[in-house]
Amino acid sequence: MKIPIVEYPDKVEIDTDLLADKILYLLEHTEEAKHLGENARKRYEERYAQNLFHENMSVFYRSLYE
């Protein structure tokens with residue numbers, strides 16, 4: 001699936017036409033949109049839950065100290 005972001009060496013741009021197409025698609029396919037949202041929430045909770053965030057920050061700051 002093509003993403004609506006175009007990366008250049010010195011900047012990043014959004015392909016607004018492609019983004020609009022994807023938004024319209026999700027508005028027309030609500031079950032798929034719901035499924036994508038549920039998966040996104042699960043991924044967020046797995047990666048960025050508060051206790052994981054604190055642990056990751058601790059590891060990061062310890063690595064700076066070392």
Side-chain angles (χ1 to χ4, degrees):
M1 176 185 287
K2 186 174 179 189
I3 58 172
I5 296 174
V6 181
E7 295 185 44
Y8 299 101
D10 60 336
K11 64 182 175 178
V12 175
E13 292 182 357
I14 296 174
D15 181 340
T16 55
D17 291 333
L18 182 57
L19 179 59
D21 289 344
K22 291 185 178 294
I23 291 170
L24 290 173
Y25 176 85
L26 291 174
L27 289 171
E28 294 169 356
H29 298 87
T30 56
E31 283 300 314
E32 189 170 350
K34 181 180 177 184
H35 181 69
L36 288 171
E38 289 168 350
N39 286 342
R41 181 173 184 91
K42 181 180 175 185
R43 185 175 180 182
Y44 168 80
E45 289 173 347
E46 288 171 352
R47 293 184 177 195
Y48 303 106
Q50 193 168 9
N51 60 337
L52 289 175
F53 175 78
H54 287 275
E55 179 60 30
N56 290 336
M57 291 304 290
S58 294
V59 169
F60 172 71
Y61 284 117
R62 276 186 254 134
S63 73
L64 293 176
Y65 181 74
E66 294 170 0

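This is a predicted model, so every value here is computed, not measured.
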Charged N-O contact under 4.0 Å between Glu45 and Arg41: yes
Set of residues satisfying ring-ring contact (aromatic ring centres under 6.0 Å, His included) with respect to Phe60, sequence neighbours excluded: none
Hydrophobic cluster of Tyr65, others only, ordered by chain and residue number, side-chain cut-off 4.5 Å: none
Which atom pairs, one a donor and one an acceptor, fall under 3.5 Å between side chains of residues 5-18 and the rest of the protein, sequence neighbours left out?
unit_1: Lys11; atom_1: NZ; unit_2: Glu13; atom_2: OE2; d: 3.1
unit_1: Asp15; atom_1: OD1; unit_2: Asp17; atom_2: N; d: 3.3
unit_1: Asp15; atom_1: OD1; unit_2: Leu18; atom_2: N; d: 3.1

Salt bridge (Lys or Arg N to Asp or Glu O under 4.0 Å) partners of residues 49-60, not counting sequence neighbours, each pair once: Glu55-Arg62
Listed partners of Tyr25 passing ring-ring contact (aromatic ring centres under 6.0 Å, His included), at least two apart: His29
ILVMFWY network linking Phe53 to Leu64, side-chain heavy atoms under 4.5 angstrom: yes
